[in-house]
Amino acid sequence: MKTLVIKDSIDEKMLHEKLSAVGYSIHDVPVTEDMHRILWMSADEKTAINYIDDKLTKVRYLLVRGKSAKEMTKTLRKGFPVWKRDDLLKHALLKLIDGTEEEIARVAMEIAADMDEYDAASAGVLSTFLTMDEVSTRLAGARALRARPWMIFYSTAEELSNDSHPEIAAIGTEMLARIKELNDL
C-alpha cells in the first residue's frame, strides 16, 4: 500500500481518463458527508486506486494497493502533482514559520497521511509541531500523530496525555488507549 498526498487540486476527469486508458474501471463506494471518494480497480481486480478528499482534515490523497501498486505509484507520481516526502517535510517546516492555523493543521495531517509506515524524518517534523508555543500548532501535531497510533509513539502519547492544555491531554489519552488496544497492553 502506498499513499500519495496531492499537492493542490487534482483534475478528476484527467485521472479517470488516465486510469481508464490502462484498464481501470470505477467501482461504487459508500458516500459520506465528510469524504469524497472514488475507487478504480484493475481489470483483474488485484490493484485498487482510491482518490480520497477528506473534508475534515482537508487532505487529498491517492491510496494505491495491490499487485501492481508499485508500477501504478510511479505512473501516478509522473502524471499528477503529488508530494515527495522530503519536499513535503520542507513545506511543513516553512508553514511552521509562516503559515496560517489552517495551513499548519493541513500540512500536519498530510505528513501523517504520507507516513504509511514509521519514518523518523516525518515523525521528527511532527514532533517539532509539539514543541511550538502556539496551542493551535501543538494541537495540529497531536491530531496528526493520533492518526498513527503506533507503539513507537507510546512515550509521545504519554507526554501528550499529561499536557497542560486539556484538549491536547485528551488527544494524548485517546492515542495512548488506542496504542494499548492495538498492542494488547
Quick check for you: to the nearest 0.5 Å, what is the distance between Thr156 atom OG1 and Ile179 atom CD1?
8.0 Å

Is there side-chain contact between Leu126 and Met115, with at least one heavy-atom pair below 4.5 Å?
yes

What heavy-atom pair brings Gly79 and Lys18 nearest, and what distance separates the two atoms?
CA-NZ, 4.1 Å

Determine whether more than 12 heavy atoms belonging to other residues, nucleotides or ligands lie under 6.0 Å from atom CD of Glu102.
no

Tell me whether Leu145 shares a hydrophobic cluster with Leu89, the cluster being built from Ile, Leu, Val, Met, Phe, Trp, Tyr side chains joined at under 4.5 Å.
yes

Would Glu110 and Lys95 count as a side-chain contact (heavy atoms from CB on, under 4.5 Å) here? Give the steps.
CA-CA 12 Å; Glu110 287 174 333; Lys95 289 297 177 191; over 6 Å; no

In one Ile/Leu/Val/Met/Phe/Trp/Tyr side-chain cluster, 4.5 Å: Leu39, Tyr51
no

Side chains of Phe153 and Leu160, heavy atoms from C-beta outward: is any pair under 4.5 Å?
no

Taking all heavy atoms of Ile49 and all of Val64, pick out the closest pair and write down the distance.
CG1-CG1, 4.2 Å

Looking at every non-hydrogen atom in both residues, tell me the closest pair between Gly141 and Phe129 and how far apart they are.
CA-CB, 3.7 Å

Is Arg65 atom CZ crowded by more than 12 heavy atoms from other residues, nucleotides or ligands, each under 6.0 Å away?
no

side-chain contact (heavy atoms from CB on, under 4.5 Å) between Leu56 and Met109: does it pass, once the steps are laid out?
CA-CA 10 Å; Leu56 291 175; Met109 292 306 292; over 6 Å; no

Quick one: are Met151 and Leu185 in side-chain contact, heavy atoms under 4.5 Å?
yes

Using every non-hydrogen atom in the two residues, find where Ser161 and Glu158 come nearest and quote the distance to one decimal.
OG-O, 2.7 Å

Counting only heavy atoms not in Asp98, do more than 12 sit closer than 6.0 Å to its CG atom?
no

Any sub-3.5 Å donor-acceptor pair from Thr137's side-chain atoms to Asp133's backbone N or O?
no

With the 4.5 Å side-chain cut-off for hydrophobic clustering, are Phe80 and Trp83 part of the same group?
no

Between Arg60 (side chain only) and Ile6 (backbone N and O only), is there a donor and an acceptor less than 3.5 Å apart?
no

Using atom types as modelled and distance alone, determine if a side-chain donor or acceptor of Arg148 lies under 3.5 Å from a backbone N or O of Ala112.
yes

How many angstroms lie between atom CG of Asn50 and atom CG of Leu4, to the nearest 0.5 angstrom?
12.0 Å

Between the side chain of Ser68 and the main-chain N/O of Met72, is any donor-acceptor distance below 3.5 Å?
no

Just wondering, are more than 12 heavy atoms of other shown residues or ligands nearer than 6.0 Å to CD in Glu17?
yes

To the nearest 0.5 Å, tell me how far Arg37 CZ sits from Asp53 CG.
13.0 Å

Carefully, step by step, assess Asn183 and Tyr154 under the rule side-chain contact (heavy atoms from CB on, under 4.5 Å).
CA-CA 11 Å; Asn183 292 282; Tyr154 188 90; over 6 Å; no

For Ala144 and Ala108, work out which heavy atoms get closest and say how close.
CB-O, 3.3 Å

Stepwise side chain to side chain donor-acceptor pair (under 3.5 Å) check, Asp44 with Ser42
CA-CA 5 Å; Asp44 64 4; Ser42 59; 2.5 Å; yes

Looking at every non-hydrogen atom in both residues, tell me the closest pair between Ala92 and Val125 and how far apart they are.
CB-CG1, 4.1 Å

Approximate separation, where rounding is to 0.5 Å, of Leu139 CG and Glu134 CD:
11.5 Å

Basic-acidic side-chain contact under 4.0 Å: Arg138, Asp163:
yes

Begin with the C-alpha distance, continue with both residues' side-chain angles, and end with the deciding distance and a verdict on side-chain contact (heavy atoms from CB on, under 4.5 Å) for Lys7 and His91.
CA-CA 10 Å; Lys7 286 184 180 181; His91 174 70; over 6 Å; no

Between atom OG1 of Thr73 and atom CE of Met1, what is the distance when rounded to the nearest 0.5 Å?
11.0 Å

Is there side-chain contact between Thr128 and Leu96, with heavy atoms separated by less than 4.5 Å?
yes

When clusters are formed by joining ILVMFWY residues with side-chain heavy atoms under 4.5 Å apart, either directly or through shared neighbours, do Leu94 and Val59 land in the same one?
no

Other residues, nucleotides, ligands: >12 heavy atoms within 6.0 Å of Glu33 CD
no

Test of understanding: clusters of I, L, V, M, F, W, Y form through side-chain heavy atoms closer than 4.5 Å, transitively. Do Leu62 and Val29 belong to the same one?
no

Once you round to the nearest 0.5 Å, how far does NZ of Lys55 lie from OG1 of Thr32?
9.5 Å

When you measure from the side chain of Glu103 to the backbone N and O of Thr100, does any donor-acceptor pair fall under 3.5 Å?
yes

